[in-house]
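Let me begin by presenting the structure, written as structure tokens, before commenting on it.
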Amino acid sequence: MNYWLVKSEPEAYSWDTFVRDGGTDWTGVRNYQARNFLQQMQPGDLVLYYHSVSDKQVVGVAQVATPAAPDATAEAGSPWVAVHLQPQQPLAQPVSLVRIKQDERLSQIGLLRQSRLSVMPLKAAEFDTILELGA
DNA sequence: GCCAACGTTGGC
DNA sequence: GCCAACGTTGGC
């Protein structure tokens, strides 16, 4: 089991919309590093859902439902892939970027070290810490 | 609105 | 292969 974090601008596709949809194909990733992480995802992996830009907090947990497959929104033959994500549960208390920065246990998290990356792996301990902060 | 970080493109 | 120019993301 692996752990991940994905970002979405709430104005573009919010957690609430994701829940209302009951899941979504995580399409539109156009960065090779992020694509490589998508390709490593496996069904059952857990994914933190982070609202970037206007909200700047982790708001929920999603689950990977399918292995990576060609991104239907990209040109045929392109290297881009998508996975299907389903909502698992919202965090009782969203965990803000400020809160994450304050916690020593999260000092090495990809969210802080590489702020522009939109799909990134998390260590199990980092995932657990954020769940704990969000409980 | 600004700026840092980073990726991509294209000229040489 | 290098680097300047430019575009995008995302925090502040």
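These figures come from a predicted structure and were not determined experimentally. Lettering of chains follows the sequences in order, A, B, ..., and the numbering in each one begins at 1.
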Under 4.0 Å protein heavy-atom contacts per nucleotide of nucleotides 6-12 of chain C, with B for base, S for backbone only and - for none: -BBBSSB
With sequence neighbours left out, write down each residue that passes salt bridge (Lys or Arg N to Asp or Glu O under 4.0 Å) with A/Lys123, or none if nothing qualifies. A/Glu126
A/Asp103: partners by salt bridge (Lys or Arg N to Asp or Glu O under 4.0 Å), with sequence neighbours left out: A/Arg105
So which pairs with a foot in residues 49-64 of chain A pass salt bridge (charged side-chain N to carboxylate O under 4.0 Å, His left out), sequence neighbours left out? none
Strictly by salt bridge (charged side-chain N to carboxylate O under 4.0 Å, His left out), give each pair with a member in residues 14-37 of chain A just once, sequence neighbours left out. A/Arg30-A/Asp71
Polar-atom pairs under 3.5 Å, protein N or O versus N or O of nucleotides 2-5 of chain C: list them with distances, or write none.
none

Taking side chain to side chain donor-acceptor pair (under 3.5 Å) as the definition, give me every residue that meets it alongside A/Ser115, ordered by chain and number, with sequence neighbours left out. none
Tell me every residue that passes side chain to side chain donor-acceptor pair (under 3.5 Å) with A/Trp26, counting only those two or more places apart in sequence or in another chain.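 In terms of side chain to side chain donor-acceptor pair (under 3.5 Å), with neighbours along the sequence ignored, A/Trp26 is linked to no residue.
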Does anything in residues 70-108 of chain A pair up under ring pair (Phe, Tyr, Trp, His ring centres under 6.0 Å), and if so which pairs, sequence neighbours excluded?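 Residue pairs passing ring pair (Phe, Tyr, Trp, His ring centres under 6.0 Å), neighbours aside: A/Tyr32-A/Trp80.
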